[in-house]
2 protein chains.
Amino acid sequence: MPAEVSSASPPSPPLTERQEARRRRILHASAQLASRGGFDAVQMREVAESSQVALGTLYRYFPSKVHLLVATMQAQLEHMHGTLRKKPPQGATAAERVAETLMRAFRALQREPHLADAMVRALTFADRSVSPEVDQVSRQTTMIILDAMGLEDPTPQQLSAVRVIEHTWHSALITWLSGRASIAQVKIDIETVCRLIDLTAPEEPRRR
Amino acid sequence: MPAEVSSASPPSPPLTERQEARRRRILHASAQLASRGGFDAVQMREVAESSQVALGTLYRYFPSKVHLLVATMQAQLEHMHGTLRKKPPQGATAAERVAETLMRAFRALQREPHLADAMVRALTFADRSVSPEVDQVSRQTTMIILDAMGLEDPTPQQLSAVRVIEHTWHSALITWLSGRASIAQVKIDIETVCRLIDLTAPEEPRRR
DNA sequence: ATCAAGTCTGAAACTTGTTCTAGATTAACG
DNA sequence: CGTTAATCTAGAACAAGTTTCAGACTTGAT
């Protein structure tokens, strides 16, 4: 039995300075093109050109368009998590704080709807080959929600509630992006699902 | 002001016998190919060949691959709704009945995971041009859930809960299809979100 | 400084969704 | 029937994601 250090990713060799720079240029170009015209506007040839990299190189860094966009989302999420940390939500209950946090994220997405489109579509369209990356995004989202709840160690019920909140969050975004739900409707959906948190709160146990 | 019968679709001219037959052949071929290898295996040229129709004709009937797969889903959903009607769920509470119904649907999808993959991926990848069709699928799903709840006229809160259940249902399916969640996990998510129904029940909700 | 291995480039090729065209077939109607 | 408009067919052509390849460039180790 070989002693695996981490079951996640084979420890990819560290990147050189110039490689890091290339990677950043690519992600920047991707986000820029996405902001212009959404998923369809992120064309691999254009990304390559914008970021001064050969097409083959682009594919070496990101093995598919979906990989690229999911990585773009990772970057944006990290940025947002940082922003949220600085200004924690003010609500009195965990449910309120989570709803407030998600609405804040939602407003950020509204400022760049095309970028949101590209990232979310990529995320939900991703197949098994992108699972590790998508999982990473999911973990990051979970962290953001748990942060908002302000919990040290959540109960299994609470984790289930968080999962359902994430499901609702993603799906509600999709309905908004495809024009089938209004901003107000998304707000209602978020607030509705956040009530699940109260249901699972241990401090005030329900009779059972 | 013209009296519109339905604001949905301009009344498309009725199809002839042979056109109906063509449409059925196309949808059948689509479902068959999807069952084999999922979204990627549904190739427009192959669908055209399998259904004995020219490529241009296929595109006249379904203006894109996503349209085709969403229509395929409509057909499957209708079939499932019929099946479910015949054997209504037995649970004591509305939440139990909804969970039971969704799990039954889930088991049906498990029998054809590739087909499920094709349909669900198309559904969530659909852009605005497919909104009417996707909306139709959504309405159909809402009907199934409301049927399971056994309600005459649901309250706005209950409708919100149903929306959130649908979100969770779609997103949970995606995580399962992409191998990021187990069947057991999907079950838990469904049961968790169904608790929202109790939360919104207008009369005395506890007991069984 | 030199060599080997790995990386990057530019360009072409391949795949599959989508569009277009010219001609054949069908349907509706007088 | 014969005409006319709509539909269908076969096939080429186009668009964008992906793969491939030969040669130039970097990097790390000696």
Side-chain angles (χ1 to χ4, degrees), chain A residues 10-27 29-30 33-34 36-72 117-118 121-122 125-130 133, chain B residues 10-26 29-30 33-34 36-72 117-119 121-122 125-130 133:
Chain A
S12 47
L15 301 183
T16 73
E17 198 82 4
R18 307 183 53 189
Q19 287 174 323
E20 279 292 0
R22 269 192 206 100
R23 190 167 198 282
R24 270 195 305 278
R25 286 205 308 277
I26 292 173
L27 286 175
S30 166
L33 287 171
R36 288 241 177 293
F39 188 89
D40 293 332
V42 181
Q43 301 196 353
M44 298 304 267
R45 289 179 234 275
E46 281 206 48
V47 173
E49 196 179 349
S50 290
S51 50
Q52 310 263 50
V53 135
L55 191 54
T57 306
L58 172 53
Y59 273 94
R60 170 183 278 272
Y61 280 71
F62 301 98
S64 78
K65 173 169 171 171
V66 168
H67 280 86
L68 170 59
L69 285 172
V70 170
T72 304
D117 171 79
R121 297 263 294 286
F125 192 59
D127 66 3
R128 295 179 118 83
S129 72
V130 205
E133 289 80 0
Chain B
S12 47
L15 301 183
T16 73
E17 197 81 6
R18 308 183 54 190
Q19 285 175 322
E20 278 292 1
R22 269 192 206 100
R23 189 165 198 284
R24 270 195 306 276
R25 286 205 309 275
I26 293 172
S30 166
L33 287 171
R36 288 240 177 292
F39 188 89
D40 293 332
V42 180
Q43 302 195 355
M44 297 305 267
R45 287 174 235 270
E46 282 206 47
V47 173
E49 196 178 347
S50 289
S51 50
Q52 310 262 50
V53 136
L55 191 54
T57 306
L58 171 53
Y59 273 94
R60 170 183 278 270
Y61 280 71
F62 301 97
S64 78
K65 174 169 171 170
V66 169
H67 280 85
L68 170 58
L69 284 172
V70 170
T72 303
D117 172 80
M119 296 189 306
R121 297 263 293 286
F125 191 59
D127 67 2
R128 296 181 119 82
S129 72
V130 205
E133 288 80 0

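A note on names: the letters A, B, ... follow the listed sequences, proteins ahead of strands, and every chain is numbered from 1.
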Would you find a donor on one side and an acceptor on the other, under 3.5 Å apart, between the side chain of A:His67 and the backbone of A:Ser129?
yes

Tell me, do B:Arg121 and A:Asp127 make a side-chain contact under 4.5 Å, heavy atoms counted?
yes

Supply the atom-to-atom distance B:Arg60 CZ to B:Leu58 CG, rounded to the nearest 0.5 angstrom.
12.0 Å

How many whole angstroms separate atom CD1 of A:Ile26 from atom C1' of C:dC8?
11 Å

Taking the side chain of A:Leu55 as heavy atoms from C-beta outward, which of D:dA12, D:dT19, D:dC8 is closest to it?
D:dT19

State whether the side chain of A:Thr72 and the backbone N or O of A:Leu68 hold a donor-acceptor pair below 3.5 Å, judged by distance alone.
yes

Using a 6.0 Å distance limit plus a 45 degree cone around the ring axis, check whether A:Lys65 lies over the aromatic ring of A:Phe125.
no

Close residues, residues 58-69 of chain B, relative to DNA chain C [heavy-atom separation under 4.0 Å]:
B:Tyr59, B:Ser64, B:Lys65

Restricting to side chain to side chain contact (heavy atoms under 4.5 Å, CB included), what partner residues turn up for A:Glu46, sequence neighbours left out?
A:Leu33, A:Gln43

Name every residue in residues 39-54 of chain A that has at least one heavy atom under 4.0 Å from any atom of DNA chain D, in order of residue number, or write none if there are no such residues.
A:Val42, A:Gln43, A:Met44, A:Arg45

Separation of C:dT18 P from B:Asp127 CG (nearest whole Å)
10 Å

Does CD belonging to B:Glu49 count more than 12 external heavy atoms closer than 6.0 Å?
no

Would you say a side-chain N or O of B:Gln19 is under 4.0 Å from OP1 or OP2 of D:dC8?
yes

Scanning both residues in full, the closest heavy-atom pair of A:Ala48 with A:Ala54 reads CB-C, 4.2 Å

Among C:dA12, C:dC8, D:dT26, which is the nearest nucleotide to the side chain of A:Arg18?
D:dT26

